[in-house]
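First comes the structure, then the notes that go with it.
A quick note: this is a predicted structure, and the numbers were derived from the prediction, not measured. Computed from heavy atoms alone, side chains included, the values below leave out hydrogens, waters and symmetry copies.
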Amino acid sequence: MFIKIILFTVVVISQLHLLHAANKANDSLETMNVLGKALQVAAQEEAETEEGYSSDLEYTRHQEVNKRFFGRLSQKPEVRAAVQRFEAELKAKKPLTRISLDELSSRSRILLFRELTGAAQGEKKAIPFSFYGYDFTINLDPSLRQPGNGIVTKIGKHSEIYSVLKAHKTSQKEIAKKLLKARKKTKKGSYNTLIIDPVLSAKSETVDLDMLNILLDFEVARRLQAFSGHDMKQQNEAGEYLDYVGDQGKEGEPAGDAESIQTETLRYEMYENLEKNIKTSMTRNTKRAQSEGWKAWKITYMNSDRGILDDVPVASVIVGALKLSLQKKQGELSLQDFFHAPNKYFHAQKKHSHAQNKNPDEYSYGDYSAFEGAPSEDHRGKATKRIIRKFRGGTKAKHSTSEQIHQELLEVFGGDSESEGEPY
């Protein structure tokens, strides 16, 4: 229903399988270490029910809080301006303006990445960014299973990050301190200051810790290409308000103040636009798969297990990995383990697989790698549960409260101004 009011247009609108031995390139000692860790993990998970701690229950709680925390649109003026300019340049087919991330909280960066990816509507785009004069690009490479997929330039693959961190294994605590300190709000109210001496080197490879922080944020953002419950709630609330104001205006009663009408109209249009972008992206990704010769069964299959990837509470993983790395006892879990995926899983294709997919799918995975693994085996989910359990006390783990999880997310990702008044 469309009603004109005060110069504004109102729009109505799983037991753990023992892990494979480390690959043949590793020496026998490394192989024994990998097997030993796998046995420890299996024994720990076997004891869960006896101790009164449920990883599944804890995992679900983290999922719920993560979705509320990140499943929304940013209200910050600089983010709104960047999104509007980006969409206008896409529509006009103009070169994209480099987007500054200076002083934004990690949470605001994540919400920005989410919205820009949605605005690209399933197309492969290279989005230019700057961070205190340091230029980089996020190359979006959407697919059915991972519509928010992309590559952050100026930093290597996870395996390369692991190699560098491993070379600095005695400095994991100091590295985690640097990453966390940069994420905190300054006295002036800004976030994400530059890290002093951010570059780590190992042989021919390097890792810039500023870019590692940005990569961690993108790992959260890439899983947010869905219209969340919070998104729907925001859209419905705005629509109901505008309907009410419209009805009141028809009856000749006060129709609400102009500022409120403008605010709610903007809120409705923001979420309506997000929903449209996500639907367009899904349609475009499906058509791309069809044009590449994918069979209907595979398209359905890929869409069906997407949630296994998107529902991993990656932000809680980042909180756990960074905080555990600060512990005095090194060896529980440190950053290098977070990026370690030495095992291989091969998923054979169905017999009626088409010619382009004769080879089996290969996935890398590890005990504590929440970024890699086969969806069908829930490698990422299991890794996440292990990290959270260790962070909650290991064999003495206790369940978290929703408020506790929310406060930890605020501490590591900031952006309390993005909460829209919700306590958690």
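Taking 4.0 Å as the cut-off between side-chain N and carboxylate O, E58 and K385 do not count as a salt-bridged pair. Salt-bridge check for K67 with E64: failed, with every basic side-chain N at 4.0 Å or more from each acidic carboxylate O. For the pair R223 and D310, the salt-bridge criterion is not met [side-chain N within less than 4.0 Å of a carboxylate O]. In summary, E408 and R392 engage in a salt bridge, as defined by a charged side-chain N under 4.0 Å from a carboxylate O. Looking at R114 and D231, a side-chain N of the basic residue comes within less than 4.0 Å of a carboxylate O on the acidic one, giving a salt bridge. Between K298 and E292, no side-chain nitrogen of the basic residue sits less than 4.0 Å from a carboxylate oxygen of the acidic one, so the salt-bridge criterion is not met. For the pair K154 and D208, the salt-bridge criterion is not met [side-chain N within less than 4.0 Å of a carboxylate O]. A salt bridge links K233 to E237: at least one charged side-chain nitrogen sits closer than 4.0 Å to a carboxylate oxygen.
Between the side chain of S143 and the backbone N or O of Q146 there is at least one donor-acceptor pair closer than 3.5 Å.
Side-chain contact between Y59 and V312 is present, with heavy atoms from C-beta onward closer than 4.5 Å. Using a 4.5 Å cut-off on side-chain heavy atoms (C-beta onward), I214 and F113 make contact. Contact annotation: the side chain of Y53 never approaches that of T395 to less than 4.5 Å [non-hydrogen atoms, C-beta and beyond]. Between N213 and R109 the shortest side-chain heavy-atom distance falls below 4.5 Å. Using a 4.5 Å heavy-atom threshold, the side chains of Y301 and S376 count as touching. Counting heavy atoms from C-beta outward, V314 and R380 have side chains that stay 4.5 Å or more apart. In this structure, the side chains of L73 and L111 stay at 4.5 Å or more apart for every pair of heavy atoms. Within the 4.5 Å cutoff, the side chain of E411 has heavy atoms near those of the K323 side chain.
Centroid-to-centroid, the aromatic rings of H406 and F69 come within less than 6.0 Å. When ring centroids are compared, Y363 and H379 stay outside the 6.0 Å threshold.
The only option from K287, K93, R284, R288 that meets the salt bridge (charged side-chain N to carboxylate O under 4.0 Å, His left out) definition with E123 turns out to be R284. Across T384, V220, V319, T60, a single residue satisfies side chain to side chain contact (heavy atoms under 4.5 Å, CB included) together with P313, and that is T384. Considering S419, S417, S74 as possible partners of R107, the one that fulfils the side chain to side chain donor-acceptor pair (under 3.5 Å) test is S419. For the ring-ring contact (aromatic ring centres under 6.0 Å, His included) criterion with F338, the lone passing option out of F371, F391, Y368 is F371. With S108 as the fixed residue, the side chain to side chain donor-acceptor pair (under 3.5 Å) test singles out one of K76, E78, E418: E418.
Below 30°, between 30° and 60°, or above 60°: for F227 and Y271 the angle between ring planes is above 60°, a perpendicular geometry. Ring planes of F129 and F136: parallel class, angle under 30° (limits at 30 and 60°).
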Please lay out, stage by stage, how E115 and R80 fare under the test salt bridge (Lys or Arg N to Asp or Glu O under 4.0 Å).
CA-CA 10 Å; E115 203 165 353; R80 299 264 40 94; 2.6 Å; yes
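Counting heavy atoms of neighbouring residues, nucleotides and ligands inside a 6.0 Å radius, atom CD1 of I196 does not exceed 12 of them.
Stacking of R183 on the aromatic ring of F413 is recorded, both the 6.0 Å distance cut-off and the 45° axial limit being met.
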